[in-house]
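Each remark here refers to the structure printed beneath this line.
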Protein chains: 2
Amino acid sequence: MKKSNITDLAKHLNLAPSTISRALAGHKDISEITKTRVKEAADFFNYVPNLHARYFRKKNSNLIALILPDVNNFFIPELIRGINDVFNKTDYSIITFFSKDNFLIEKEIINYCISWMVEGVLLSVSDETKDLKHLDILVQSNIPVVLLDKVFPSSDHSLVHIDDSKTAFNATNFLISKGCKNILGIFGKPDVQMVQDRMAGFKNALYQSNLEFSNEQNILTNPNLENFEYKLTSLLESKQYDGCFIMSDELAFLAYPILVDKALFPNKIHLITISDGQVIGALRPKIPYIYHSGFNIGTRSAEVLLEHLENKEMKASDEVLETVLVR
Amino acid sequence: MKKSNITDLAKHLNLAPSTISRALAGHKDISEITKTRVKEAADFFNYVPNLHARYFRKKNSNLIALILPDVNNFFIPELIRGINDVFNKTDYSIITFFSKDNFLIEKEIINYCISWMVEGVLLSVSDETKDLKHLDILVQSNIPVVLLDKVFPSSDHSLVHIDDSKTAFNATNFLISKGCKNILGIFGKPDVQMVQDRMAGFKNALYQSNLEFSNEQNILTNPNLENFEYKLTSLLESKQYDGCFIMSDELAFLAYPILVDKALFPNKIHLITISDGQVIGALRPKIPYIYHSGFNIGTRSAEVLLEHLENKEMKASDEVLETVLVR
DNA sequence: ATGAAAGCGCTAACAG
DNA sequence: CTGTTAGCGCTTTCAT
């Protein structure tokens with residue numbers, strides 16, 4: 001079945017293509033009667049606009065690019081839900097890309113965004129990303145970018161994130177307030193900015209309470225799935241920890257069963273994690289956590305991007321969302 | 001900074017636009033020397049193709065539509081990961097839509113797909129969808145559709161799913177094999193096809209083992225977040241269940257803390273669920289589950305769609321993935 | 001091996 | 001209120 005286009009409708013109704021276009025767009029100086037006729041014909045002939053033609057001509061795209069390192073089962077789904085909640089109320093569609101935490105892929109995706117004429121970019125940078133130079137091309141093309149969650153200081157791009165250092169600091173102090181003296185911190189890849197920030201907050205809390213600290217004894221970093229159990233088990237057997245700060249949901253879900261199986265949690269060791277709270281709340285016994293909402297990060301970053309789209313002159317903002325202890 | 005296009009490059013190099021186009025596309029009857037010159041110039045002038053112009057002209061889009069009811073923290077992220085794993089190796093981009101389990105929205109999205117000239121559709125139907133008539137327009141436009149996970153029998157569209165009835169049957173039999181005599185089944189909305197299928201499998205297993213059954217005593221359906229705890233608690237207090245089949249991860253994560261808090265699990269009641277295994281594996285004590293992999297459903301459906309794209313004449317297939325008990 | 005020319009479907013001046 | 005016209009950037013046929 002051949003698809004009908006504006007020209008077809010124009011011929012059927014003895015009108016000019018431009019009139020059809022304007023009628024369908026609800027342009028105000030087309031008579032109501034014509035609008036009705038055109039819309040009925042469009043319905044009858046199953047007319048659907050060709051968006052490539054439209055956006056090609058109009059030099060826009062109604063597309064927002066969402067660039068994420070990957071999908072997980074915790075924070076990212078909530079983030080996606082928040083972003084969609086905001087953009088579903090608009091005409092924008094979302095085109096999603098995954099960098100697989102690979103900087104070169106991230107860079108390619110950025111170019112792809114230009115090719116798609118996306119109107120805005122929501123970016124959570126890859127673990128490998130060390131600066132934001134690869135975003136210059138977006139700035140030059142006047143495409144607003146909002147960095148979310150994993151961010152770098154920037155005067156060119158708006159940021160929506162939490163205070164990672166402070167959040168980790170508060171989490172660690174929760175353990176200290178419980179009387180913990182030997183606290184283990186479990187972190188991700190140590191060369192990632194966010195990990196360094198959270199680690200700094202963790203160390204700072206220990207330092208301020210005059211607690212002993214050594215990298216070997218108090219920090220477990222960059223555990224990959226294969227040797228995580230081994231490394232954590234070794235550490236737990238080497239020393240009697242009474243507290244454990246876990247940087248994220250992923251790591252918490254790796255550590256939790258080990259700590260329970262070794263009968264350490266909940267009786268011998270206090271836990272705390274930074275979590276988006278979606279699934280961790282079902283664990284029994286409960287793990288206290290600092291609530292870091294993917295949904296809120298998502299909605300706020302989407303809203304900030306919308307503001308940039310509505311006002312191209314708006315300058316970059318830096319929004320730091322609050323986190324709160326849940327126990 | 002003005003973006004350069006093929007015409008600009010043509011002028012700079014004293015070549016025709018068509019030559020530039022062919023050189024960039026690696027067309028074989030352009031000399032190597034010209035190709036090199038063109039590519040260097042493209043690099044130098046930061047040329048990026050205008051995909052709307054290209055796809056408008058070529059009447060395709062390199063877009064795949066992924067239509068999902070919603071995001072959750074269990075099955076859907078794995079599904080997305082699987083789909084992206086497959087399409088990342090191709091030139092296709094994925095444009096994601098969420099129907100919010102609303103049939104009318106799903107229908108609108110389908111039309112939107114036509115407007116975007118998407119080349120294929122991956123669809124997990126909404127809870128409200130009762131038939132597939134709204135997909136006729138895709139068939140007429142010769143756009144292949146793969147239905148995933150939540151499917152309806154169809155000769156027009158390929159299906160990738162599990163045998164819901166059989167899976168629930170096997171799960172229930174696992175409980176029976178543990179000696180359970182009073183088994184509670186927890187299900188989603190009873191008007192949804194998949195729920196009915198899983199319920200049929202559940203009932204059938206009870207029936208074949210001559211176990212007592214009543215809708216009021218053995219089935220909890222359509223629990224929404226507000227009154228789930230109340231309804232489940234009432235049921236658990238009305239009767240001494242020794243087994244509980246839970247239809248999905250979402251429901252398992254709602255029921256689990258209640259069953260643990262009431263000291264029923266793991267000592268007084270056996271559990272089983274159908275799960276994609278991603279986060280449920282961290283629960284202690286463990287819940288046995290029938291592994292229903294979102295990742296596999298995702299990769300298989302993406303592969304099937306790719307086959308349809310490569311061979312437009314291919315007829316619809318029905319792929320039923322196996323499920324396996326994990327304990 | 002390269003060029004000339006047409007046209008995809010749509011919208012936005014401009015004209016009346 | 002409606003029509004005429006041009007052209008967005010690209011690819012492809014046809015010609016050389």
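So that the names make sense, note that chain A is the first sequence line, chain B the second, and so on, each numbered from 1.
Between the side chain of B:S154 and the backbone N or O of B:D156 there is at least one donor-acceptor pair closer than 3.5 Å. Proximity of a side-chain donor or acceptor of A:T299 to a complementary backbone N or O of A:F295 within less than 3.5 Å is detected. With hydrogens and angles ignored, the 3.5 Å screen pairs no side-chain donor or acceptor of A:K150 with any backbone N or O of A:L147.
Phosphate contact (OP1/OP2 of D:dC1, side-chain N/O of A:K35, threshold under 4.0 Å): absent. The side chain of B:R57 contributes no N or O atom lying less than 4.0 Å from OP1 or OP2 of D:dG9. Side-chain N/O atoms of B:T34 include one lying less than 4.0 angstrom from OP1 or OP2 on C:dT2. Checking the phosphate oxygens (OP1, OP2) of C:dG3, a side-chain nitrogen or oxygen of B:T19 falls inside 4.0 Å. Using a 4.0 Å cut-off, no side-chain N or O of B:Y55 falls inside it from OP1 or OP2 of D:dC8. Checking the phosphate oxygens (OP1, OP2) of C:dT2, a side-chain nitrogen or oxygen of B:S31 falls inside 4.0 Å. A sub-4.0 Å separation between OP1 or OP2 of D:dT11 and a side-chain N or O of B:S21 is present. Taking only side-chain nitrogens and oxygens, A:R54 comes nearer than 4.0 Å to OP1 or OP2 of C:dT11.
B:Y47 places its OH atom 7 Å from the C1' atom of D:dC10, with the value rounded to the nearest Å. For B:N5 and D:dC8, the CG to C1' distance is 10 Å, given to the nearest whole Å. The interatomic distance linking B:L9 (CG) with D:dG9 (C1') rounds to 12 Å, in whole Å. Atom P of nucleotide D:dG3 and atom CD1 of A:I6 are separated by 13 Å, given to the nearest angstrom. Look at NZ on B:K58: it is 12 Å from P on D:dT13, rounded to the nearest Å. Between B:K59 atom NZ and C:dC10 atom C1' the separation is 12 Å, expressed in whole Å. Rounded to whole angstrom, the span from the CG atom of B:L13 across to the C1' atom of C:dG3 amounts to 15 Å. Computed from coordinates, the A:N62 CG to C:dC10 C1' distance equals 14 Å when rounded to whole Å.
When heavy atoms are screened at a 4.0 angstrom cut-off, A:N60 is found touching no nucleic acid atom at all. Within the 4.0 angstrom heavy-atom criterion, no nucleotide atom of any strand lies near A:D8.
A centroid separation of 6.0 Å or more is found between the aromatic rings of A:H157 and A:F152. In this structure, B:W116 has its ring center closer than 6.0 angstrom to the ring center of A:Y55.
Look at A:F56 and the base of D:dC8; the rings stack, centres closer than 5.5 Å and planes less than 30° apart.
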Q) side chain to side chain donor-acceptor pair (under 3.5 Å) between A:H52 and B:S61: does it pass, once the steps are laid out? A) CA-CA 8 Å; A:H52 290 291; B:S61 73; 4.6 Å; no

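Judged by closest nucleotide on DNA chain C, B:L15 is the one of B:L15 and B:A53 placed further toward the 5' end. When each of B:N50 and A:I30 is assigned the nucleotide of DNA chain D with its nearest heavy atom, A:I30 is the one assigned upstream, toward the 5' end.
Taking only distance into account, the side chain of A:S18 meets the base of D:dT4 through a donor-acceptor pair shorter than 3.5 Å.
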